[in-house]
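Worksheet for the structure shown next.
Please read these numbers as outputs of a predicted model, since none were measured by experiment. Residue numbering restarts at 1 for every chain, and letters A, B, ... go by the order of the sequence lines.
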Number of protein chains: 2
Amino acid sequence: MQLPDAVDSLSALAHASRLAVYRLLVRAGSDGMPAGEIARRIDVLPNTLSNHLTILDRAGLVQSRRDGRSIIYSADYDRMRDLLGFLIADCCGGRPEICAPFVGIAEEVGCCA
Amino acid sequence: MQLPDAVDSLSALAHASRLAVYRLLVRAGSDGMPAGEIARRIDVLPNTLSNHLTILDRAGLVQSRRDGRSIIYSADYDRMRDLLGFLIADCCGGRPEICAPFVGIAEEVGCCA
DNA sequence: TCTATATTTCGATTATTCCGGAAATATCGA
DNA sequence: TCGATATTTCCGGAATAATCGAAATATAGA
């Protein structure tokens with residue numbers, strides 16, 4: 001990942017509604033969730049949500065597929081891993097001790113035990 | 001970390017110059033770097049950089065201390081760990097397999113071996 | 001104290017983003 | 001085909017952010 005792409009992803013996530021949408025989708029897993037249900041849960045108008053989803057999609061953070069009348073959105077985990085990798089990689093200027101705290105952060109958070 | 005704080009941090013990083021500044025600082029380690037040198041390296045005017053540094057500081061991502069006429073800025077690693085933890089924690093909706101790719105990402109990136 | 005250096009603050013302009021109403025598009029079932 | 005549902009697109013105004021010149025503040029050294 002290059003810096004401009006990282007900025008795009010960070011910008012997409014740097015908004016209360018969009019971050020809430022993204023959290024919802026990563027929790028929904030690969031099943032994803034239709035736009036309408038997202039709108040109800042986050043409590044935003046459908047057209048406003050659509051704009052937010054477009055921004056997340058352009059940033060590569062979510063994917064979409066049509067299922068009948070619904071469009072199902074789901075989180076792109078690869079993109080998140082790339083973004084985290086970019087941020088974590090930044091912390092190492094040849095000094096492993098600096099970013100040692102980041103090793104195994106997933107376990108520390110009580111996630112993916 | 002709560003969502004509003006995460007949004008603040010993400011917003012602060014969602015700007016090309018500020019992300020570049022932050023990368024510079026995490027590489028500089030705890031020694032930090034004076035504002036003037038940052039401005040030269042990133043190639044932005046001192047007053048513009050000062051605004052960016054204020055934003056990063058308010059987001060809790062950097063710290064500052066005075067040294068003579070210079071003000072030394074340094075990255076706050078705890079805040080970054082909290083932010084990454086927040087994002088990673090999001091990936092686990094009771095489904096450890098979803099975010100398994102994030103476990104040990106630091107090593108994967110070739111960082112902090 | 002005076003001057004130079006380092007950084008910040010202020011103020012104004014420009015650019016960008018956010019939001020919602022209205023209309024358009026797509027799909028399903030009758 | 002028709003009407004209902006789901007979602008997107010278009011467009012305008014309002015709010016927010018970015019940038020820079022100029023002035024202000026703080027420190028060091030002569």
Side-chain angles (χ1 to χ4, degrees), chain A residues 3-25 28 31-76, chain B residues 3-25 28 31-76:
Chain A
L3 192 136
D5 292 322
V7 170
D8 285 345
S9 290
L10 291 167
S11 296
L13 293 173
H15 182 283
S17 297
R18 288 197 297 269
L19 185 54
V21 167
Y22 186 75
R23 295 180 77 187
L24 202 54
L25 289 179
D31 291 344
M33 192 179 289
E37 186 175 344
I38 299 172
R40 275 191 299 277
R41 296 222 202 181
I42 304 297
D43 192 29
V44 294
L45 292 176
N47 56 350
T48 298
L49 175 71
S50 183
N51 286 329
H52 289 322
L53 289 171
T54 298
I55 290 169
L56 288 168
D57 183 66
R58 276 203 301 249
L61 291 164
V62 304
Q63 301 164 325
S64 66
R65 60 190 146 91
R66 177 176 282 279
D67 177 26
R69 272 173 287 198
S70 296
I71 295 188
I72 313 285
Y73 283 86
S74 56
D76 186 320
Chain B
L3 192 136
D5 292 323
V7 170
D8 284 345
S9 290
L10 292 167
S11 296
L13 293 173
H15 182 284
S17 297
R18 288 196 298 266
L19 186 52
V21 167
Y22 187 75
R23 295 180 75 187
L24 201 55
L25 289 178
D31 292 344
M33 190 179 292
E37 186 175 345
I38 299 172
R40 276 190 300 277
R41 296 220 201 182
I42 303 296
D43 192 31
V44 294
L45 294 175
N47 56 352
T48 298
L49 176 71
S50 183
N51 286 328
H52 288 322
L53 288 171
T54 298
I55 290 169
L56 287 168
D57 183 66
R58 276 202 301 248
L61 290 163
V62 304
Q63 301 164 325
S64 66
R65 61 190 145 91
R66 178 175 283 278
D67 177 26
R69 272 173 289 195
S70 298
I71 294 187
I72 314 285
Y73 283 87
S74 56
D76 186 320

Between C1' on C:dT9 and CG on B:Leu53, what's the gap in Å once rounded to a whole number? 14 Å

Separation of A:Ile71 atom CD1 from C:dA24 atom C1', in whole Å? 14 Å

Is the shortest side-chain N/O distance from A:His52 to OP1 or OP2 of C:dC19 below 4.0 Å? yes

Identify, between A:Val44 and A:Asp67, the residue whose nearest nucleotide on DNA chain C lies closer to the 5' end. A:Val44

From CZ of A:Arg58 across to P of D:dT8 the rounded distance in Å is 13 Å

Can you tell me the distance, in whole Å, between the CG atom of A:Leu45 and the P atom of C:dA23? 16 Å

If you take all heavy atoms of B:Leu19 and A:Ala6, which pair is closest and at what distance? CD2-CB, 4.0 Å

Quick one: which of C:dT8, D:dT8, D:dT7 gets closest to the side chain of A:Asn47? D:dT8

In whole angstrom, what separates A:Arg65's CZ from D:dT7's P? 13 Å

By nearest atom, which of the nucleotides D:dT9, C:dA6, D:dA18 is closest to the B:Arg18 side chain? D:dA18

Starting the side chain at C-beta, find the nucleotide from D:dT8, D:dT27, C:dT7 nearest to B:Arg69. D:dT27

For A:Ile72, run the side-chain contact (heavy atoms from CB on, under 4.5 Å) check against A:Ile38, A:Asp31, A:Asp67 and tell me which one passes. A:Asp67

Atom pair distance, as rounded to whole Å: CZ in B:Arg66 and C1' in D:dT25: 9 Å

Are the side chain of A:Ser50 and the backbone N or O of A:Pro46 linked by a donor-acceptor pair below 3.5 Å? no

Looking at A:His15, does any N or O in its side chain come under 4.0 Å of the phosphate oxygens OP1/OP2 on D:dA17? no

Rounded to the nearest Å, what distance is computed from the CG atom of residue B:Asn51 to the C1' atom of nucleotide D:dT16? 14 Å

Given A:Asn51, A:Leu49, A:Leu45, the one that forms side-chain contact (heavy atoms from CB on, under 4.5 Å) with A:Asn47: A:Leu45

Can you name the closest pair of heavy atoms from A:Leu24 and A:Arg41 and give their distance? CD2-CB, 3.9 Å

Hey, does the side chain of A:Tyr73 come within less than 4.0 Å of D:dA6's phosphate (OP1/OP2), counting only N and O? no

When rounded to whole Å, the CD1 to C1' distance for the pair A:Ile55 and C:dC19 reads 11 Å

Just call it for B:Thr48: base, sugar-phosphate, or nothing, with non-hydrogen atoms closer than 4.0 Å on any strand. base

